[in-house]
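Shown next, in structure tokens, is the structure this report addresses.
Values below: every heavy atom of this structure, side chains too, minus hydrogens, waters and symmetry copies.
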Amino acid sequence: MDGFAVLVVMFLFSLAVASAAQHHIVHGIAGCDVSRGNWVHDDSYPLYEASSCPFIQKEFNCVNNGRPDMDYLKYRWQPLGCNLPRFNGIDLLRRLRGKSIMFVGDSLSLNQWQSLTCMLHTAVPTAKYTSFRSGGLSTFAFPEYNVKVLFSRNAFLVDIVGTSAGRVLKLDTISPEDQKLWTGVDVMIFNTWHWWLHTGRKQAWDLIEEGGKIIGKDMDRLVAYEKALSTWATWVDSHVDPAKTKVFFQGVSPDHSNSSEWGDPQAGSCNGQTKPLPGPSYPHVHPAEKIVEKVLRTMSKPVQLLDVTNFSQLRKDGHPSFYGLGGHRASDCSHWCLAGVPDTWNILLYAALAGQ
């Protein structure tokens with residue numbers, strides 16, 4: 001091969017690498033960076049009333065739990081330089097006809113799943129639906145459209161196994177049952193982060209295993225998180241057929257338990273917050289989001305990042321706080337009120353599926 005041919009091959013290879021990196025880290029829809037912008041007041045919001053969706057769980061129904069302020073319901077995300085499409089539930093149901101869409105993750109995935117089922121139900125309020133749960137799998141179906149919207153509770157995506165020595169977090173294995181469950185679904189939205197932070201009584205494991213060996217009781221949580229995400233990424237690259245399945249990663253849903261992070265140490269937490277922070281971006285990048293992007297860049301199969309982190313970080317007012325499941329005994333600055341921020345996550349999902 002002469003020198004010119006070598007240069008051509010090297011150039012084409014560099015283009016392929018650059019294309020791959022851009023292909024897997026999608027900060028926007030149709031060329032627009034949707035992660036940067038502002039929350040603007042919009043009287044046409046919310047997109048639905050929680051009271052019209054009797055299946056919304058108590059912990060997300062802040063209005064019904066007595067939250068007195070209502071402005072948090074009236075904000076629409078406005079990216080810089082473009083507009084998001086208006087959510088069209090009927091159009092999405094038609095696009096998904098005969099298909100299944102599954103959220104896999106922790107209770108933040110449950111938050112998004114409940115949001116989407118309510119958005120779809122609001123679009124076709126007279127259409128019959130069924131909703132049931134079997135073990136860790138919840139299924140919401142619209143028989144008229146032959147559409148299933150599923151939620152599989154899976155906080156870590158990798159295995160936690162009970163043994164005589166205790167609960168073992170296996171950073172490099174995914175159970176055959178989970179692999180079977182994930183196979184053949186048309187649209188997958190994965191998420192994990194929230195439970196990686198827990199310590200003490202809330203910590204979900206006693207020991208950590210990698211390569212078939214116990215490596216300790218704990219380790220740097222971000223390192224463990226990256227190892228687990230890499231295991232998941234390897235599974236996607238090895239088992240997913242992009243012609244049959246579209247894969248998304250939800251991104252990292254932020255909490256607002258420490259107001260010093262947004263420059264207001266006197267506030268304490270999300271309690272009593274009634275307005276979003278101004279955009280276009282949050283004061284700092286979430287460390288877990290950096291890891292998500294790093295892992296996605298290594299993948300050979302296309303995975304789209306919904307990139308919800310930055311605009312969700314601006315919504316310190318969007319959490320249940322005292323108007324969730326625990327009431328004044330346990331403030332919730334991690335999950336989101338419905339209607340609320342997860343509706344915008346689903347608008348991004350709709351825009352991606354509709355190619356808008």
Side-chain angles (χ1 to χ4, degrees), residues 38-78 87 103 106-123 125 131 138 140 151 191 194 202 250 252-279 282 308-348:
N38 285 282
W39 289 97
V40 298
H41 193 273
D42 188 332
D43 285 329
S44 70
Y45 272 52
L47 298 178
Y48 56 86
E49 301 291 338
S51 59
S52 68
C53 300
F55 44 82
I56 285 187
Q57 294 185 192
K58 175 180 172 61
E59 57 261 43
F60 307 139
N61 195 343
C62 302
V63 171
N64 197 54
N65 293 333
R67 180 167 177 170
D69 62 303
M70 296 294 173
D71 278 354
Y72 75 95
L73 294 167
K74 293 291 185 179
Y75 287 102
R76 172 178 55 81
W77 178 244
Q78 178 59 58
F87 182 80
F103 295 89
D106 55 30
S107 51
L108 278 310
S109 289
L110 170 64
N111 223 168
Q112 186 177 7
W113 175 72
Q114 289 241 292
S115 163
L116 183 60
T117 55
C118 194
M119 293 166 80
L120 292 172
H121 172 63
T122 300
S131 181
S138 300
F140 196 102
F151 163 62
N191 154 61
H194 183 65
K202 288 187 175 181
Q250 182 197 67
V252 175
S253 176
D255 68 79
H256 289 90
S257 300
N258 181 4
S259 64
S260 295
E261 292 183 355
W262 66 83
D264 185 12
Q266 300 301 316
S269 68
C270 73
N271 299 334
Q273 298 297 315
T274 59
K275 295 184 182 301
L277 291 164
Y282 195 68
V308 306
T309 306
N310 178 68
F311 66 74
S312 301
Q313 284 178 308
L314 300 176
R315 290 303 304 272
K316 59 185 174 62
D317 61 318
H319 301 284
S321 65
F322 293 132
Y323 304 100
L325 192 61
H328 281 73
R329 299 187 309 277
S331 175
D332 183 355
C333 293
S334 298
H335 300 99
W336 303 94
C337 296
L338 295 179
V341 173
D343 304 334
T344 301
W345 304 353
N346 284 320
I347 291 173
L348 292 189

Could you grab the distance from atom [atom1] of [X] to atom [atom2] of [Y], nearest 0.5 Å is fine?
| X | Y | atom1 | atom2 | result |
| --- | --- | --- | --- | --- |
| Lys275 | Lys316 | NZ | NZ | 9.0 Å |
| Asn111 | Cys337 | CG | SG | 9.0 Å |
| His256 | Asp332 | NE2 | CG | 12.5 Å |
| Tyr323 | Asp69 | OH | CG | 7.5 Å |
| Leu116 | Leu338 | CG | CG | 11.0 Å |
| Leu325 | Asn61 | CG | CG | 12.0 Å |

How are the rings of Phe55 and His121 set relative to one another: parallel (under 30°), tilted (30 to 60°) or perpendicular (over 60°)? perpendicular

Hey, can you tell me if Phe60 and His335 have their rings parallel, tilted or perpendicular (30° and 60° cut-offs)?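 Phe60 and His335: tilted rings.
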
Would you check if [X] and [Y] make a side-chain contact, meaning some heavy-atom pair closer than 4.5 Å?
| X | Y | answer |
| --- | --- | --- |
| Ile347 | Trp77 | no |
| Ser51 | Asn64 | no |
| Arg76 | Trp39 | no |
| Asp317 | Tyr75 | yes |
| Leu348 | Phe311 | yes |
| Gln250 | Ser109 | yes |
| Ser253 | Trp345 | yes |

Shortest non-hydrogen separation from [X] to [Y] and the atoms involved:
| X | Y | answer |
| --- | --- | --- |
| Gln313 | Leu277 | O-CD1, 4.0 Å |
| Asp106 | Leu108 | OD1-N, 2.9 Å |
| Ser44 | Asp42 | OG-OD1, 2.6 Å |
| Ser107 | His194 | OG-CD2, 4.5 Å |
| Ala339 | Tyr48 | CA-OH, 3.4 Å |
| Trp113 | Ser138 | CH2-CB, 3.6 Å |

Is it the case that the side chains of [Y] and [X] hold a donor-acceptor pair, with the cut-off being a distance below 3.5 Å and no angle test?
| X | Y | answer |
| --- | --- | --- |
| Asp343 | Ser115 | yes |
| Asn271 | Ser331 | yes |
| Asp71 | Thr274 | no |

Are more than 12 heavy atoms, taken from residues, nucleotides or ligands other than Glu49, located less than 6.0 Å from that residue's CD atom? no

Is a side-chain donor or acceptor of [X] paired with a backbone partner of [Y] at a separation under 3.5 angstrom?
| X | Y | result |
| --- | --- | --- |
| Asn310 | Tyr282 | yes |
| Ser334 | Asp255 | no |
| Ser269 | Ser257 | no |
| Asn65 | Glu59 | no |
| Gln114 | Gln57 | yes |
| Thr309 | Val252 | yes |
| Asn38 | Val40 | no |

For Tyr72 and Arg315, run side-chain contact (heavy atoms from CB on, under 4.5 Å): C-alpha distance rounded to whole Å, both residues' side-chain angles, the deciding distance at 0.1 Å, then the answer. CA-CA 9 Å; Tyr72 75 95; Arg315 290 303 304 272; 3.8 Å; yes

